[in-house]
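Naming convention: chains lettered A, B, ... in sequence-line order (proteins, then strands); numbering from 1 in each chain.
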Amino acid sequence: MPHDLPKAYDPTAIEDHWAGYWVRENLFAQPTPEGQRLDGQSARSCAQPAFVILLPPPNVTGRLHMGHMLNQTEMDILTRWRRMSGRRALWLPGTDHAGIATQMMVERQVHADGSSRQQLGREKFVERVWEWKRHYGGAILEQMKRLGVSVDWSREYFTMDARLSVAVREAFVRLYEQGLIYRGAYIVNWCPRCQTAISDLEVVHEEQKGHLWEIRYPVIGDGGKETGEFITVATTRPETMLGDTAVAIHPEDERYLHLHGKKLRLPLMNREVPIILDGWVSREFGTGAVKVTPAHDPNDFAMGERHHLPSINVMDDRGHINENGGTYAGPDRYVARKKIVADLEAQGLLAAVKDYTNNVGHCDRCKTVVEPRLSTQWFIKIQPLADKAIAAVKPDANGNKAIRFTPENYERIYLEWMNNIHDWCISRQLWWGHRIPAWHCAVCHEITVARVDPTACGHCGSTEITQETDVLDTWFSSGLLPVSVFGWPNITSETRADFDAFYPTSLLVTGFDILFFWVARMIMLGCWFSADVPMPDGSPRQLGDSVPFRDVYIHALVRDANREKMSKTKGNVIDPIEIVKQYGTDAVRFTLASMASPGTDIAFNVARTEGYRAFANKIWNAARFIFMQRDRYLQETGSHISFPAIDLNAVDRSEAIFAGAYPAYPGAGSPESDSTGPLEHRWIIARLIATAAAVNSSLENYRFDEAASSIYRFFWGDLCDWYLEIVKLSLDPAKPNGLEKLMALLVLLAVFESSLRLLSPFMPFITEELWHAYYDGHPPAKSIALTPYPRSSTWTVDQRPIEEMELLQNLIVEVRALRKEIGVEEKALVPIEVRTHATAREIFTTNRDIIERLARVSEVRFVEQISAGQSKHHTTAFDVGVVYERTVDAAAERERLTRDIAKYEKGLAAAERQLNNEAFLKKAPPQVVEGLKKQEAETRVLLEKARAALEGLSEGPG
RNA sequence: AGGCGCGUAGCUCAGUUGGUUAGAGCGCUUCCUUGACACGGAAGAGGUCGUUGGUUCGAAUCCAAUCGUGCCUACCA
């Protein structure tokens, strides 16, 4: 037997195999189009529109988590679907050097060796990081391979690759030349642990219980002597008082009017500081007086600028008090705080200590409390870039947006942020990253920024120059990826083709957590730099073509089953690889897809995954059944079925299959024109086409959940529960191997094969395995992923078989329910009585054998009236009774009927109320009125039937 | 402090311009090991759509308030 598949589906056995096969065969490589700009009739692929996705590069230090898996599942579904739909699909993978994260990790390693970053020195340390990267970096990509993502591995990049570093440098130099990069001393968020500046986005605020210390600053009179009066200031960080250079009050605050122009003695430091008047001060908060520490608070810094105050930085890089702190120099900020508070108290200058809860900024990476601190950093003057990035999402004159967000509300969030954007601090005091290409001159103190390492100062010619030690924010390089991966800035004849073919990319799929970090930066930098690259035809590039991507799909956050955010500290992290091992990749993918409805977070629940593992098993067993039938037919007839040749150019493959299958049935053309063929075949084909249409349109709208459930319902509900059961009649081994059997086999095979293709983007492994088994070692393509996706473009869904089948299904369901109610044994065959109209009668007659098999019926009797004393069910289309000698459970029957009657009465009353309402008849659309009228009539019929039945029950023998 | 989102069956969620008697999966109950599958089949039970008010012929859907809940943004010391 060629198809000796095991009884239960075991994903682990096949997934590794195919994952390896896809990588080995390089199936998803999308090479640079050759000469597409020169001769119009080059590769046929060039005629197809491209579909390009950039993988949000995971950190080299990263490990796959559920968020990645969701993200990648969505991208893979879309990429596989677009690829199968005839697009030139390119999904580009890579990793990010992740400055702080990676440096921290290697530092820990160095520490474990008893050394330190400082001891090693910059060069050796960086070499060490590279070494680490070579050995352990990118493990996450290996995990991705196991998931079977259909990326182009031949294009894998790393953000520190020479090619991409060139782009980073060029971008920096250009911005500098354009006057958009400046260097200056400003308050930045300083992480004392990482010893680097971090951007606003890298600070996470957390409510924290603390104190508000109120400190008395003595007022100094004219003679330089204390007047005995005090101004009390409130602060959450008393240690910063060491750097106070003023105290600010509101100009109109009556409490302090008499002190205008006076000075104060700064306690502990014994320094005179002025009282300044500033409207920023709130009279209501605290004491209405604010100590001003320009070097350690952004507001104070601003006031310092306004009032020309000196800035005294009292902390070093580690957050220890420096020499400006006088006798307090040395200890850590919190140690110093204790001492300062104690000393103030001893001197009677501590007015109060109040409990106070405020938002404290922590370093996103290491959770250390961030210290606002004056330091010299590099910034990008962001407004000009932001202007373009804002224009890119707003509708143009024709109402088109260059970038479209899904869900739409992220557009507003994006604009909100963009409109309030601050200059971007791009320097980091790290060693791992792109070193800023600027050289400081020891002689003239000017800065030289250059594309090629200079040997002399560009201003005075001195050779005493040293390179800037800072590196660039990691997001600076990742923000450039959409242009840099396609060759920018070196748009040579070779890279030109890549850029022309793939930029702008089609879609970005990502989580909202990096909307500002990454998405916004890519839009700003992408629009800015690609604008200089002319279009393939040489014309200037407009904004609409300079955006880095046309669509942004923001997906949900994956939480645990209790809706908690997954985090290492909570220990509730679900390792996708573990789940995958347990249930199979396909089941996990399908879980994520089916829960990925836009806008809501996903509470990942393995119960759901168990369900989809069962689905995979169902598919597997359907295949076993189908292959078994085919094998038997082939064995018995000694012939073999010639499958219609697959036409890889045809997007609509179903057509070919059915055209091939149907001629086998005498007098039949295509199922479209054929109304004489067996109902079940026409029905399953109509359902397949309808499902394909639904899936395609759901995917267009990123409704993975809808698409998944359409397929699920079709495969399990329609194909397995009904069609397979019905078709067993034709495939009965007792029947001769005639045309009936052949046609059933052909339709079954064709529908099954199409279903595999339909399902393939969602469950790539099992479909690949079964598809190869289907072709028995001679597949028409290397992979199901390279075959056309079922589409319904040329077929309209024929509603007739669907309606007819529904009628048949209803009858079967009613009979089964009846049997259950009156306690007919499962195996017993019973006659049924059916009262119905001519049309239904014909359908039931034609498909009598289906009714008999699926409802376990021995005989279908058409009657004018269901015999008295029998249990019966009513629908609007028919009445049906089961002929059975067992006595009816009158009580249960009465209860059911009473319940039904109540339901019908309620529905009827509601409908009548509406229909008697003139306003409704006048204002509601006609089809709604018609629908309601029809419903009213139907309900009336059902009500009458139920009433009659109840009456008969009371009168009859019971 | 502002902004956004959510609250629908025991659980997890659909329900996209307001329109017929609100759906699915899991779980639960009962029956069935029939030659694809017990990771299965069949039949069921289960919801006044957080609360209150409003708009409307008609509200899970729109508006307001309220309660609960989650998140994002913010320089009040």
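Nucleotide B:C28 has B:G44 as its partner under the Watson-Crick or G-U criteria, with both atom distances under 3.5 Å. In this structure, B:U16 forms no base pair with any nucleotide, since neither Watson-Crick nor G-U wobble geometry is met with both distances under 3.5 Å. Pair assignment for B:C72 gives B:G2, based on Watson-Crick or G-U wobble hydrogen-bonding distances that are each under 3.5 Å. Under the Watson-Crick or G-U wobble criterion, with both distances below 3.5 Å, B:C49 has no partner in any strand shown. Across all strands shown, B:A22 forms no Watson-Crick or G-U wobble pair with both key distances under 3.5 Å. Pair check for B:G58 finds none; no Watson-Crick or G-U wobble contact set falls under 3.5 Å. Of all nucleotides present, only B:C67 satisfies the Watson-Crick or G-U wobble test against B:G7, with each distance under 3.5 Å.
B:U33 and B:A42 have their C1' atoms separated by 14 Å, with the value rounded to a whole Å. B:A64 and B:C75 are spaced 29 Å apart, taking the P atom of each and rounding to whole Å. Here the separation of B:A60 from B:A22, taken at their P atoms, is 10 Å to the nearest Å. Taking atom P in both B:G68 and B:G46, the straight-line distance is 32 Å, to the nearest Å. If you take atom P in B:A24 and the same atom in B:A14, they sit 16 Å apart, rounded to whole Å. With both ends at atom P, the span from B:U16 to B:A77 equals 43 Å, rounded to whole Å. For the P atoms, the distance from B:G10 to B:C4 is 32 Å, rounded to whole Å. Across the C1' atoms, B:C63 and B:G70 are found 24 Å apart, a figure rounded to whole Å.
Nearest to the side chain of A:A607, among B:A36, B:C26, B:G40, sits B:C26. Out of B:C39, B:A77, B:A36, the shortest distance to the side chain of A:T236 is found at B:A77. Here B:C32 is the nucleotide among B:C32, B:A36, B:U12 with the atom lying nearest to any side-chain atom of A:E826. Nearest to the side-chain atoms of A:W280 among the listed nucleotides B:U12, B:C75, B:U16 stands B:C75. Of all nucleotides listed (B:C4, B:A77, B:A38), B:A38 comes nearest to the side chain of A:K7. Here the side chain of A:A234 is nearest to one of B:A77, B:C37, B:C26, namely B:A77. You'll find that the side chain of A:T939 is closest to B:U21, out of B:C39, B:A77, B:U21.
Among the atoms of the strands shown, none is found under 4.0 Å from any heavy atom of A:W620. In this structure, A:A924 reaches the bases: a heavy-atom distance under 4.0 Å links it to at least one base atom across the strands shown. Using a 4.0 Å heavy-atom criterion, one finds that A:E416 contacts no nucleic acid atom at all. Nucleic acid contact for A:K933: none, since no nucleic acid atom lies under 4.0 Å from a heavy atom of the residue. A:F752 comes within contact range of no nucleotide atom at all, as no heavy-atom separation falls under 4.0 Å. A:V813 comes within contact range of the sugar-phosphate backbone alone, with a heavy-atom separation under 4.0 Å but no base atom that close. Residue-level contact check: A:T293 touches neither bases nor backbone, having no heavy atom under 4.0 Å from any strand. A:R237 comes within contact range of no nucleotide atom at all, as no heavy-atom separation falls under 4.0 Å. At the heavy-atom level, A:F615 lies nowhere under 4.0 Å from the strands shown. Counting non-hydrogen atoms under 4.0 angstrom, A:P925 reaches a base of the nucleic acid.
Of all the residues in residues 719-727 of chain A, A:C720, A:D721, A:L724, A:E725 reach under 4.0 Å from RNA chain B with at least one non-hydrogen atom.
Residues A:I684 and A:L719 are in side-chain contact: their nearest non-hydrogen atoms beyond the backbone lie under 4.5 Å apart. Between A:Y217 and A:D244 there is a side-chain heavy-atom pair separated by less than 4.5 Å. Considering only heavy atoms from C-beta on, A:H307 stays 4.5 Å or farther from A:V292 through its side chain.
Taking atom CD of A:E706 as the reference point, atom P of B:G23 lies 17 Å away to the nearest angstrom. One can place CE of A:M595 at 10 Å from C1' of B:C11, the figure rounded to the nearest angstrom. Atoms CZ (A:F590) and C1' (B:A24) sit 12 Å apart, rounded to a whole Å. In this structure, the CG atom of A:D705 is 12 Å from the C1' atom of B:U16, given to the nearest Å. With rounding to whole Å, A:F512 atom CZ is found 9 Å from B:C71 atom P. The CZ atom of A:F516 sits 12 Å away from the C1' atom of B:C71 (whole-angstrom rounding). Look at CZ on A:R853: it is 13 Å from P on B:A42, rounded to the nearest Å. One can place CG of A:N359 at 8 Å from P of B:C76, the figure rounded to the nearest angstrom.
Annotation: A:F762 is not in aromatic contact with A:F615 [ring centroid separation under 6.0 Å not met].
A donor atom on one side chain and an acceptor atom on the other are found under 3.5 Å apart for A:Q629 and A:R632. With hydrogens and angles left out, the side-chain atoms of A:Y356 and A:T236 include no donor and acceptor closer than 3.5 Å. A:E202 and A:S199 are linked by a side-chain donor-acceptor pair at a separation below 3.5 angstrom, with hydrogens and angles left out of the test.
A:K728 forms a cation-pi arrangement with A:F625, by the criterion of a distance under 6.0 Å to the ring centre and an angle within 45° of the ring axis. A cation-pi contact links A:R630 to A:Y774, judged by a cut-off of 6.0 Å to the six-membered ring centre and 45° from its axis.
Position along RNA chain B of the nearest nucleotide to A:A289 versus A:V203 favours A:V203 as the more 5'-ward residue. Mapping A:S282 and A:Y9 onto RNA chain B via the closest heavy atom, the residue that lands nearer the 5' end is A:Y9.
Residue A:W716 has no polar side-chain atom (N or O) positioned under 4.0 Å from OP1 or OP2 of B:A36. Distances shown here put every side-chain N or O of A:K820 at or beyond 4.0 Å from the OP1 or OP2 atom of B:C32. At B:G41, one or more side-chain N or O atoms of A:K618 fall inside 4.0 Å of OP1 or OP2 (strictly under the cut-off). Side-chain N/O atoms of A:R630 include none lying less than 4.0 angstrom from OP1 or OP2 on B:A36. The phosphate of B:C39 (OP1 or OP2) has no side-chain N or O of A:Y612 nearer than 4.0 angstrom. Within the 4.0 Å cut-off from OP1 or OP2 of B:A43, at least one side-chain nitrogen or oxygen of A:R816 is found.
Here the closest non-hydrogen pair linking A:D705 and A:S594 is CB-O, 3.2 Å.
Shown here is A:E408, whose CD atom has no more than 12 heavy atoms of other residues, nucleotides or ligands within 6.0 Å.
A:K7 places no side-chain N or O within donor-acceptor distance of the main-chain N or O of A:N621, the cut-off being under 3.5 Å.
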